[in-house]
Amino acid sequence: MARANERICYFNGRFVPESEVRVPFRDSSWIYGDGAFDMTRSFGHRIFRLEEHIERFYRSLKYLRIDPGLSPSEMIAVSREVFERNRHLLGPGDDYWLGQRVSRGIRRVEGDNWDYYGPTVIVECIPLPLAQRAKLFRDGIKVLTPSARRTAPDALSPRAKTHNYLNLIVASQEVQAIDPEAWAVLLDVNGNLAEGQGSNIFLVRDGELLTPRERFVLPGISRRTVMELARELGIPCREADLDLYDAYNAEEAFLTSTSLCLCPVRSINGVRIGPADRVWGPITARLKDAYVRLVDFDFVKQYLDRLDEEVPTRAF
Ligand code: PMP
């Protein structure tokens, strides 16, 4: 039975309490990871760049040849409604991830008795893991590069945000077995830096901002935001093939993601990156300040305010 204060999500045309969602076990995403998703966040309860996330979502769906049965503007309207229906559950210091998920639908098997065979469409929101990630903003992120290489674009494009994260999950599991606090950043099949399970990476070298080429990574919305901010600040920025030699010799490094926005990297494979006496290098700090101005919200403070909270250990 649904609780009174339960979050509401959208499920195949209806707004329902989350616990009432029933995805049949023949759903192609459950069986094969055959689906796509996207995810934005709110800042002070305001949704960030929803249109850009939905554009990327529809590019992922087009790549997978899945028709969600809703237009992008309908998906935007549904997403806004889901957010509004759950806004009252947010504490003043909290914010949501707001996500859209579509699978190809139910695999047809003789004798089955499902009443719906179209694509499965879910729009949901979940609280950001602010307390779990607070330490990253105090200490910087320890990055390790796992042995598994990021899926090659000629096998499956990493530019599509699909429900199949196994390549990234296996890589993160390996890294966490070595150091539970470390974050994986995978190399691509050529030995260049690619991306993490939910993040893009940037290096600073000779005052220039460098990030792996889009062909090999998800084109992160936060990545694009940082590139736009760099342009506005007059910081040169370009995509490049970057290997571990580049990483170890970087003056600064940081990760970008919807939830983190941008967060400094403290070390890569044990090699200290950035200034010795603090975690924010000068260019990373300038970009962070510009990000805070852009979203009109101090996300670093939002994380650091949660430093002392008890947190469950990282699930995955
Ligand atoms: N790479 C991968 C594989 C991701 O899952 C994510 C998270 N969406 C990112 C990069 C960062 O993208 P964004 O800035 O849009 O969150």
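Side chains are part of it too, since the values below use all heavy atoms of this structure and drop only hydrogens, waters and symmetry mates.
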(request) Go through the structure and list residues passing salt bridge (Lys or Arg N to Asp or Glu O under 4.0 Å) with Asp241, not counting sequence neighbours. (result)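 Arg213.
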
(request) Run the numbers on Lys161 and His53 for side chain to side chain contact (heavy atoms under 4.5 Å, CB included), then give the verdict. (result) CA-CA 11 Å; Lys161 194 165 168 63; His53 279 274; over 6 Å; no

Is there a side-chain contact between [X] and [Y], using heavy atoms and a 4.5 Å cut-off?
X      : Y      : answer
Phe11  : Val23  : yes
Val265 : Leu255 : yes
Leu50  : Phe83  : no
Leu307 : Leu304 : yes
Leu98  : Cys125 : yes
Trp183 : Val175 : no
Phe202 : Leu287 : no
Val300 : Tyr291 : no

Salt-bridge contact [X]-[Y] (side-chain N to carboxylate O under 4.0 Å):
X      : Y      : answer
Arg22  : Asp27  : no
Lys288 : Glu252 : no
Glu51  : Arg80  : yes
Arg7   : Glu124 : no
Glu84  : Arg87  : yes
Asp34  : Arg104 : yes

Do [X] and [Y] sit in one hydrophobic cluster, given that two such residues count as connected whenever their side-chain heavy atoms are within less than 4.5 Å of each other, even indirectly?
X      : Y      : answer
Val123 : Met39  : no
Leu262 : Leu209 : yes
Val295 : Leu90  : no
Leu218 : Phe216 : no
Val271 : Val143 : yes

Any donor and acceptor pair, going by atom type alone, linking the side chain of [X] with main-chain N or O of [Y] inside 3.5 Å?
X      : Y      : result
Ser28  : Gly105 : yes
Thr258 : Thr40  : no
Tyr10  : Gly13  : yes
Glu251 : Gly207 : yes
Asn192 : Asp188 : no
Glu174 : Ser147 : yes
Tyr58  : Ser71  : yes
Arg49  : Ile221 : no
Arg85  : His88  : no
Ser42  : Tyr96  : yes

For the residue pair [X] and [Y], what are the closest heavy atoms and their distance?
X      : Y      : result
Thr225 : Phe48  : OG1-CZ, 4.0 Å
Val21  : Val16  : CG2-CG2, 3.9 Å
Gln302 : Phe297 : OE1-CE2, 3.3 Å
Thr256 : Ser222 : CB-CB, 3.9 Å
Leu203 : Ala253 : CD2-CB, 3.8 Å
Ser257 : Gly198 : CB-O, 3.0 Å

Residues, nucleotides or ligands: over 12 heavy atoms within 6.0 Å of [X] [atom1]:
X      : atom1 : value
Lys142 : NZ    : yes
Trp97  : CH2   : yes
Tyr32  : OH    : no
Asn113 : CG    : no
Arg26  : CZ    : yes
Asn5   : CG    : yes

(request) Decide salt bridge (charged side-chain N to carboxylate O under 4.0 Å, His left out) for Asp154 and Arg215; before the verdict, give the C-alpha distance in whole Å, the side-chain angles of both, and the deciding distance to 0.1 Å. (result) CA-CA 10 Å; Asp154 39 8; Arg215 184 170 137 76; 5.0 Å; no

Approximate separation, where rounding is to 0.5 Å, of [X] [atom1] and [Y] [atom2]:
X      : Y      : atom1 : atom2 : value
Leu130 : Asp95  : CG    : CG    : 7.0 Å
Leu70  : Ile76  : CG    : CD1   : 11.0 Å
Arg150 : Gln197 : CZ    : CD    : 9.5 Å
Ile31  : Arg107 : CD1   : CZ    : 5.5 Å
Leu61  : Phe37  : CG    : CZ    : 12.0 Å
Lys135 : Ile141 : NZ    : CD1   : 12.5 Å

(message) Cation-pi check for Tyr303 against Arg133: NZ or CZ below 6.0 Å from the six-membered ring centre and within 45 degrees of the axis, yes or no?
(response)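 Output no; distance or angle outside limits.
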
(message) For the residue pair Arg41 and Phe43, would you count it as a cation-pi contact if the rule is NZ or CZ under 6.0 angstrom from the ring centre and within 45 degrees of the ring axis?
(response)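 Judged by the rule, Arg41 and Phe43 form a cation-pi pair.
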
(message) Run the side-chain hydrogen bond (donor to acceptor under 3.5 Å, both in side chains) test against Glu214 and tell me which residues pass, sequence neighbours left out.
(response)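 side-chain hydrogen bond (donor to acceptor under 3.5 Å, both in side chains) check on Glu214 returns Arg159.
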
(request) Could you please spell out the steps behind the side chain to side chain contact (heavy atoms under 4.5 Å, CB included) verdict for Gln176 and Leu144? (result) CA-CA 9 Å; Gln176 284 170 36; Leu144 293 179; over 6 Å; no

(message) Assess, by modelled atom type and distance only, whether the side chains of Arg101 and His163 contain a donor and an acceptor separated by less than 3.5 Å.
(response)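 Yes.
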
(request) For the residue pair Thr145 and Asn269, confirm or rule out a side-chain donor-acceptor distance under 3.5 Å. (result)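 Present: a donor and an acceptor within the cut-off.
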
